[in-house]
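Worth saying up front: this structure is predicted, and the values here are computed from it rather than measured. Throughout, numbering of the chain's residues begins at 1 and tracks the sequence.
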Amino acid sequence: MDPEILVQADVARLAVQHSFLWASLWFYVAAVLFYILHLVFPKIRVVRGGATTALVAAAVCQTVVIVLRGVVLGGRPPFQTLYESLSFFAWTAVLAYLITEWHRKVRLPGLFVALVAGGAVAYALFGQNPAIKPLYPALQSTWFPWHVAIAFASYAIFVVAFAVEISYLLQILMWKMGSTRDYGITRETLSKFHRSVHQLVLFGFPMLTFGILSGAAWANEAWGVYWQWDPKETWSLITWFAFALYLHARVRPKWKGAPSSIIMIVAFLCMITTFIGVSWLARLFGIPSLHVYG
């Protein structure tokens with residue numbers, strides 16, 4: 001085929017995927033609005049269904065984005081640049097949440113997942129360049145898809161765990177304020193609902209561990225050293241210790257309540273810092289980092 005025709009086809013695919021990413025953002029906005037209505041009218045089935053439908057629609061749009069982006073990249077996983085990574089992060093978080101919602105039948109955490117995913121997509125659209133970039137030499141490794149995909153899977157699970165934790169705290173706060181609304185969480189099922197946080201972190205923690213270990217192996221392959229205390233590496237280790245401390249807190253009777261909730265929230269903030277904050281601060285202050293690719 002004529003190379004010029006191929007280029008035009010790629011440009012068209014990129015335009016379509018960008019349009020679908022915008023569509024996903026609007027669906028996230030709709031989901032947030034439906035979830036807020038769910039806070040006010042928890043018993044109205046149309047509101048509950050509308051929230052889930054909007055999230056499913058956003059996930060479908062982002063699936064199209066990822067597939068089209070992958071086609072343009074020649075089959076390469078679309079998570080090299082921050083623009084690509086933000087979209088992939090949002091997609092994995094929503095998929096993880098939808099599976100959890102289907103299993104638990106509680107929709108309140110969806111509000112916080114929609115806010116995180118929608119925020120990531122908005123940051124990609126308004127703050128990042130969607131241009132295709134050549135794959136950096138350090139990323140040309142068999143570790144690239146496995147390391148990044150599994151690390152993102154752990155991040156997605158931690159987003160849902162954070163959303164469940166915040167929902168648990170919100171439900172308790174509303175009861176203490178005299179509200180009788182339960183959002184599918186009764187006083188009898190509250191403890192079981194809260195245990196979901198521990199179960200989710202138990203599931204995601206080995207993935208995070210694999211991400212760090214595979215990253216070290218990849219670093220040795222690319223730069224000849226397993227660990228250099230690069231800002232990204234340092235914060236990934238801080239995140240690992242934060243979630244390890246949470247798991248430890250959950251098996252200590254005196255730490256099961258408020259202390260474990262605080263640790264969970266801090267661990268989530270460490271994760272967000274590792275994913276976005278380190279690269280942003282490195283660019284802002286000119287901090288040397290081998291993990292800032294674009």
*Assess whether side chain to side chain contact (heavy atoms under 4.5 Å, CB included) is satisfied between I172 and K176, documenting all intermediate values.*
CA-CA 6 Å; I172 290 178; K176 286 183 176 180; 3.8 Å; yes

_CA sep, side-chain torsions, deciding dist, call: F162, I166, side chain to side chain contact (heavy atoms under 4.5 Å, CB included)_ = CA-CA 6 Å; F162 167 77; I166 296 298; 3.6 Å; yes

*Could you walk me through whether T274 and Y155 pass the side chain to side chain contact (heavy atoms under 4.5 Å, CB included) test, one step at a time?*
CA-CA 10 Å; T274 302; Y155 287 0; 3.6 Å; yes

*Please test L55 against F34 for side chain to side chain contact (heavy atoms under 4.5 Å, CB included), starting from the C-alpha separation and ending with a verdict.*
CA-CA 10 Å; L55 269 192; F34 272 116; over 6 Å; no

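Enclosure of atom CH2 in W255 is not indicated, since only 12 or fewer non-hydrogen atoms of other residues, nucleotides or ligands lie within 6.0 angstrom.
Residue L108 is not grouped with residue V47 when hydrophobic side chains (ILVMFWY) are merged at heavy-atom distances under 4.5 angstrom, including chains of intermediate members. By the rule that hydrophobic residues join a cluster once side-chain heavy atoms approach within less than 4.5 Å of another member, V46 and F27 end up as members of separate clusters. Cluster membership for V56 and W26, using ILVMFWY side-chain heavy atoms within less than 4.5 angstrom, is shared. No continuous path of ILVMFWY side-chain contacts below 4.5 Å connects V266 to F112, so the two sit in separate hydrophobic clusters. Placement of V197 and L202 within a single hydrophobic cluster is found when ILVMFWY residues are connected by side-chain heavy-atom separations under 4.5 Å, directly or transitively.
One finds the CD1 atom of I238 at 14.5 Å from the CE atom of M271 (value rounded to the nearest 0.5 Å). With values rounded to the nearest 0.5 angstrom, I212 atom CD1 is found 14.0 Å from M207 atom CE. In this structure, the separation between NZ on K256 and NE2 on H194 is 10.5 Å, given to the nearest 0.5 Å. In this structure, the separation between OG1 on T209 and CD1 on I150 is 11.5 Å, given to the nearest 0.5 Å. We find the SG-CG distance between C61 and L25 to be 10.5 Å, quoted to the nearest 0.5 Å. With rounding to the nearest 0.5 Å, the separation of OG in S260 from CG in L247 is 10.5 Å.
Of the possible polar contacts, none joining the T189 side chain to the I185 backbone as a donor-acceptor pair under 3.5 Å is found. Panel note: side chain T92, backbone A153; no donor-acceptor pair is recorded below 3.5 Å. In this structure, T81 contributes its side chain and E84 its backbone to a donor-acceptor pair below 3.5 Å. When atom types are taken as modelled, the side chain of R107 and the backbone of R48 share a donor-acceptor pair closer than 3.5 angstrom. In terms of modelled atom types and a separation under 3.5 Å, the side chain of Q171 and the main chain of S167 share no donor-acceptor contact.
Nearest heavy atom pair, residue P109 against residue A163, reads O-CB, 3.4 Å. Of all heavy-atom pairs spanning A59 and V94, the tightest one is CB-CG1, 4.0 Å. Here the shortest heavy-atom pairing between Y168 and F193 reads N-CE2, 3.9 Å. Heavy-atom minimum distance, A242 versus I263: O-CG2, 3.7 Å. The nearest pair of heavy atoms linking G204 to S154 is O-CB, 3.5 Å. Between S196 and V164 the shortest heavy-atom distance is CB-CG1, 4.3 Å.
Between Y35 and H38, the ring planes lie perpendicular to each other; the angle is over 60°, past the 30° to 60° tilted range. Ring planes of F89 and F275: tilted class, angle from 30 to 60°.
Put simply, the side chain of V148 reaches to within 4.5 Å of the side chain of F152, judged on heavy atoms. Residues R69 and F20 have side chains not in contact (no heavy-atom distance under 4.5 Å, counting atoms from C-beta outward). Residues Y83 and L21 form a side-chain contact, since some pair of their non-hydrogen atoms from C-beta on lies under 4.5 Å apart. For the pair V121/Q62, a side-chain contact is recorded, criterion being any heavy-atom separation below 4.5 Å from C-beta on. In this structure, the side chains of L39 and L170 come closer than 4.5 Å at one or more pairs of heavy atoms. Using a 4.5 Å heavy-atom cutoff, the side chains of I276 and L86 are in contact. Inter-residue side-chain proximity for L125 and H18 is flagged as met; some heavy-atom pair is nearer than 4.5 Å. Considering only heavy atoms from C-beta on, V113 stays 4.5 Å or farther from T100 through its side chain.
Tested against F205 for a ring pair (Phe, Tyr, Trp, His ring centres under 6.0 Å), the candidates W240, F158, F243 yield a single pass: W240.
The ring of F79 has its center closer than 6.0 angstrom to the ring center of F144. The aromatic ring centroids of F126 and W22 lie less than 6.0 Å from each other.
In summary, the side chains of T52 and E101 do present a donor paired with an acceptor at a separation below 3.5 Å, with no hydrogens or angles considered.
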